[in-house]
Amino acid sequence: MPAEIAEDPFVEHRGLLFTVAYEMLGSAAEAEDVVQETWIRWDAIGADARGEVRDPRAFLVRMVTRKALDRHRSNARRREDYVGEWLPEPLLTAPDVALDVELADSVSFAMLTVLETLTPTERAVFVLREVFDLPYDEIAQAVDKSAAAVRQIGHRAREHVAARRPRVQVSRTEQQEVVERFLSAVTGGDLQSLLDVLAPDVVLVADGGGVAQAIVRPVLGAKKVANLLRTFPKFGAGATVLPMVLNGALGARITGLPDGFDSAISFLVEDGLISQIFVVRNPGKLGRIDVEATLSR
């Protein structure tokens with residue numbers, strides 16, 4: 001890579017820009033598109049003009065935020081017409097992402113599904129302020145609002161998220177132990193062991209996108225979820241369950257299923273039990289599952 005490219009602020013902050021876009025869109029593919037569009041716009045400015053930018057990081061974050069907002073708004077109708085439940089695109093993340101508790105929480109499936117309930121502007125303000133700690137005046141420029149309006153939007157978004165986000169954070173070791181117990185119970189078809197690892201009010205959500213077979217409504221309650229999952233040994237004969245770090249926490253990928261579609265599974269663990277299970281089967285969301293994402297704050 002030429003030295004002038006390697007030293008370009010865009011290259012330095014690319015991981016940050018992808019993380020911002022992904023947290024705003026919940027799609028790695030669309031986040032990559034937004035980052036690429038940002039690069040094209042940045043490159044078009046010209047070297048002399050880029051050299052006069054006082055804070056390239058803030059400038060690039062504003063650019064990627066605006067493009068992500070435009071993409072989010074244009075997706076509204078497509079989300080309304082989506083078949084079944086919509087879940088984020090799972091990311092293969094490095095094990096050390098889990099060590100950054102705030103980063104891992106911000107890209108977790110549990111948090112991303114909560115962020116889906118915000119308006120695009122609320123989501124942008126929350127992500128930029130709470131995750132990346134940007135000043136209100138910088139956020140205001142990114143979302144084309146006054147600083148006072150951004151403060152109000154941020155307050156409203158924080159209250160909304162606080163009422164819905166998981167309240168208990170677990171250690172990496174506890175997450176791994178609980179998930180391993182779950183996977184062992186599922187692959188063995190052991191109903192009691194499944195019940196032992198599931199919270200009484202556990203929720204299972206699946207996303208097939210109208211392409212792969214998946215339940216179209218959430219399944220609620222330990223008994224219903226366990227009865228659904230205990231059939232895995234029968235239908236998953238020949239399948240391979242691969243534990244992997246997805247969105248900053250231990251999850252799993254299942255390959256070799258009879259219908260030819262893979263599954264990516266993420267979990268929320270609270271008080272030593274699994275309280276939420278997210279199953280992504282839509283093949284359009286699994287194209288990057290083997291590519292480790294570079295995340296940064």
Side-chain angles (χ1 to χ4, degrees), residues 82-88 90 105 108-114 116-117 163-282 285-286:
Y82 197 80
V83 178
E85 295 290 322
W86 187 95
L87 288 175
D105 177 61
S108 69
F109 260 64
M111 176 57 78
L112 290 172
T113 53
V114 172
E116 278 297 308
T117 63
R164 293 163 176 80
R165 74 187 303 173
R167 302 182 184 280
V168 181
Q169 292 180 333
V170 299
S171 68
R172 182 178 174 183
T173 300
E174 182 179 359
Q175 171 87 12
Q176 180 170 339
E177 189 272 332
V178 172
V179 171
E180 287 177 347
R181 285 172 54 203
F182 170 87
L183 295 176
S184 176
V186 166
T187 54
D190 187 336
L191 179 60
Q192 187 55 54
S193 294
L194 271 173
L195 289 170
D196 289 344
V197 79
L198 297 175
D201 56 352
V202 63
V203 180
L204 184 150
V205 182
D207 177 349
V211 180
Q213 183 178 359
I215 55 171
V216 296
R217 293 183 179 84
V219 178
L220 311 176
K223 289 185 178 180
K224 289 183 178 180
V225 171
N227 282 326
L228 176 68
L229 296 174
R230 70 181 299 200
T231 60
F232 177 81
K234 176 181 177 181
F235 295 101
T240 301
V241 180
L242 305 169
M244 59 197 311
V245 180
L246 297 175
N247 293 69
L250 183 64
R253 178 184 180 186
I254 303 176
T255 63
L257 291 166
D259 64 1
F261 293 103
D262 292 352
S263 297
I265 310 178
S266 292
F267 308 89
L268 174 62
V269 176
E270 297 179 283
D271 296 324
L273 298 172
I274 293 174
S275 60
Q276 294 184 47
I277 303 171
F278 307 96
V279 183
V280 178
R281 305 209 70 224
N282 183 348
K285 297 183 177 183
L286 299 178

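Note that these values count all heavy atoms, side chains included, but never hydrogens, waters or copies made by symmetry. This structure is a prediction, so every number in the text was calculated from the model and none was measured. Numbers for residues simply follow the sequence, beginning at 1.
- One N or O on the side chain of D207 and one on the backbone of L87 form a donor-acceptor pair closer than 3.5 Å.
- Of all heavy-atom pairs spanning L195 and A222, the tightest one is CD2-O, 3.8 Å.
- Here the shortest heavy-atom pairing between G208 and A214 reads N-CB, 3.7 Å.
- The nearest pair of heavy atoms linking N282 to G209 is ND2-CA, 3.7 Å.
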Stepwise salt bridge (charged side-chain N to carboxylate O under 4.0 Å, His left out) test for D190 and R230 | CA-CA 7 Å; D190 187 336; R230 70 181 299 200; over 6 Å; no
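- Side-chain atoms of T187 come within 3.5 Å of backbone N or O of L183 as a donor-acceptor pair.
- For the atom pair L194 CG and I274 CD1, the distance stands at 8.5 Å (nearest 0.5 Å).
- Interatomic distance, L220 CG to L204 CG, rounded to the nearest 0.5 Å: 9.5 Å.
- Listed here is the closest heavy atom pair of A239 and L257: CB-CD2, 4.0 Å.
- In this structure, the side chain of T117 engages the main chain of V114 through a donor-acceptor pair within 3.5 Å.
- Closest of all the heavy-atom pairs between L250 and P243 is CD1-CB, 4.1 Å.
- A donor-acceptor contact shorter than 3.5 Å links the side chain of R281 to the backbone of F261.
- Looking only at side-chain heavy atoms (C-beta outward), P90 and N247 come within less than 4.5 Å of each other.
- Paired with F109 under the rule side-chain contact (heavy atoms from CB on, under 4.5 Å), one option of L268, I265, V280, L246 passes, and it is V280.
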Check step by step if side chain to side chain contact (heavy atoms under 4.5 Å, CB included) holds for L198 and I277.
-> CA-CA 10 Å; L198 297 175; I277 303 171; 4.0 Å; yes
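- Closest of all the heavy-atom pairs between V205 and V203 is CG2-CG1, 3.9 Å.
- Using a 4.5 Å heavy-atom cutoff, the side chains of V178 and V197 are in contact.
- Expressed to the nearest 0.5 Å, how far CG of D262 lies from CD1 of I254 amounts to 9.0 Å.
- Side chain of K285 to backbone of A264: no donor-acceptor contact under 3.5 angstrom is found.
- For the atom pair D201 CG and Q276 CD, the distance stands at 9.0 Å (nearest 0.5 Å).
- Formation of a donor-acceptor pair under 3.5 Å by the Q213 side chain with backbone atoms of D259 is not found in this model.
- Under 4.0 Å is where a charged nitrogen must lie from a carboxylate oxygen, and between D196 and R181 no such pair does.
- Summarising the geometry, atom OG belonging to S263 is positioned 7.5 Å from atom CG belonging to L286; distances are rounded to the nearest 0.5 Å.
- Looking at T113, its side chain does come within 3.5 Å of a backbone N or O of A110 through a donor-acceptor pair.
- In this structure, CE in M111 is found 12.0 Å from CZ in R164, a value given to the nearest 0.5 Å.
- Evaluated for a side-chain contact (heavy atoms from CB on, under 4.5 Å) with V225, the options L228, N227, L229 yield exactly one hit, L229.
- The aromatic ring centroids of F278 and F267 lie 6.0 Å or more from each other.
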